[in-house]
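Below you'll find the structure, written out as structure tokens, and then a few comments.
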Amino acid sequence: QVQLVESGGGLVQAGGSLRLSCAGSGRTFANYVMGWFRQAPGKEREFVAAITKNGVRIYYADSVNGRFTISRDNAKNTVYLQMNPLNPEDTAVYYCAVDFRSYAVTEIPSAYDYWGQGTQVTVSS
């Protein structure tokens, strides 16, 4: 079965950095769009970043553009999110997801077919 497992979250002070990983299993994700989303307490899930199968088309939410970097290693079936620097507003559970159907990068959560269980990122001020 298809599974995605996030890791790398934790507690960090404002201005610090974290590198999240999302390891896929069950099938290769090499041909599909991968995305990162986050959800803070009391808020809806929001788009963070996405990357196409070849890695040349990337889209970031305005709130993280210039601070976060998404990348992928298809040989490892893994997508990464480098977060530097972090702000308190970045505190959320971060989820990765795979889109098996899209023709292009999308920021709509419902477009993604499988999701990980999330990893907590907490940024203190």
With a 4.5 Å heavy-atom cut-off, do [X] and [Y] have their side chains touching?
| X | Y | value |
| --- | --- | --- |
| Val105 | Ile58 | no |
| Ser63 | Arg38 | yes |
| Val121 | Leu20 | yes |
| Asn74 | Thr28 | no |
| Asp113 | Asp99 | yes |

Rounded distance [0.5 Å steps], [atom1] in [X] versus [atom2] in [Y]:
| X | Y | atom1 | atom2 | value |
| --- | --- | --- | --- | --- |
| Thr119 | Leu81 | OG1 | CG | 11.0 Å |
| Ser125 | Gln13 | OG | CD | 9.0 Å |
| Arg19 | Met83 | CZ | CE | 12.5 Å |
| Thr52 | Asn31 | OG1 | CG | 11.0 Å |

Spell out, yes or no, whether [X] and [Y] are grouped together once hydrophobic residues are joined by side-chain heavy atoms under 4.5 Å, including indirect joins.
| X | Y | answer |
| --- | --- | --- |
| Val48 | Val98 | yes |
| Tyr94 | Ile70 | yes |
| Val12 | Val64 | yes |

Can you tell me if [X] uses its side chain to pair, donor with acceptor, with the backbone of [Y] under 3.5 Å?
| X | Y | answer |
| --- | --- | --- |
| Arg67 | Pro85 | yes |
| Thr78 | Ala23 | no |
| Arg72 | Val33 | no |
| Ser17 | Asn84 | no |
| Asn87 | Glu89 | no |
| Glu6 | Gln117 | yes |
| Tyr112 | Thr106 | yes |
| Asn65 | Tyr60 | no |

Apply the test side-chain contact (heavy atoms from CB on, under 4.5 Å) to residues Val79 and Phe29: give CA-CA distance (whole Å), side-chain angles for both, the deciding distance (0.1 Å), then the verdict. CA-CA 9 Å; Val79 64; Phe29 295 168; over 6 Å; no
Between Arg27 and Tyr32, does any side-chain donor sit less than 3.5 Å from a side-chain acceptor? yes
What pair of heavy atoms forms the shortest contact from [X] to [Y], and how long is it?
| X | Y | value |
| --- | --- | --- |
| Ala40 | Ala92 | N-CB, 3.8 Å |
| Leu4 | Val2 | CD1-CG1, 4.3 Å |
| Tyr95 | Gly116 | CD2-O, 3.5 Å |

Taking atom OH of Tyr114 as the centre, does the number of heavy atoms from other residues, nucleotides or ligands within less than 6.0 Å exceed 12? no
Please check if the number of heavy atoms outside Gln120 that lie under 6.0 Å from its CD is greater than 12. yes
What residue among Cys22, Cys96, Ser21 forms side chain to side chain contact (heavy atoms under 4.5 Å, CB included) with Tyr80? Ser21
Start with the C-alpha gap between Phe68 and Trp36, add the side-chain angles, then the distance that decides, and say whether ring pair (Phe, Tyr, Trp, His ring centres under 6.0 Å) holds. CA-CA 11 Å; Phe68 291 8; Trp36 284 98; 9.8 Å; no
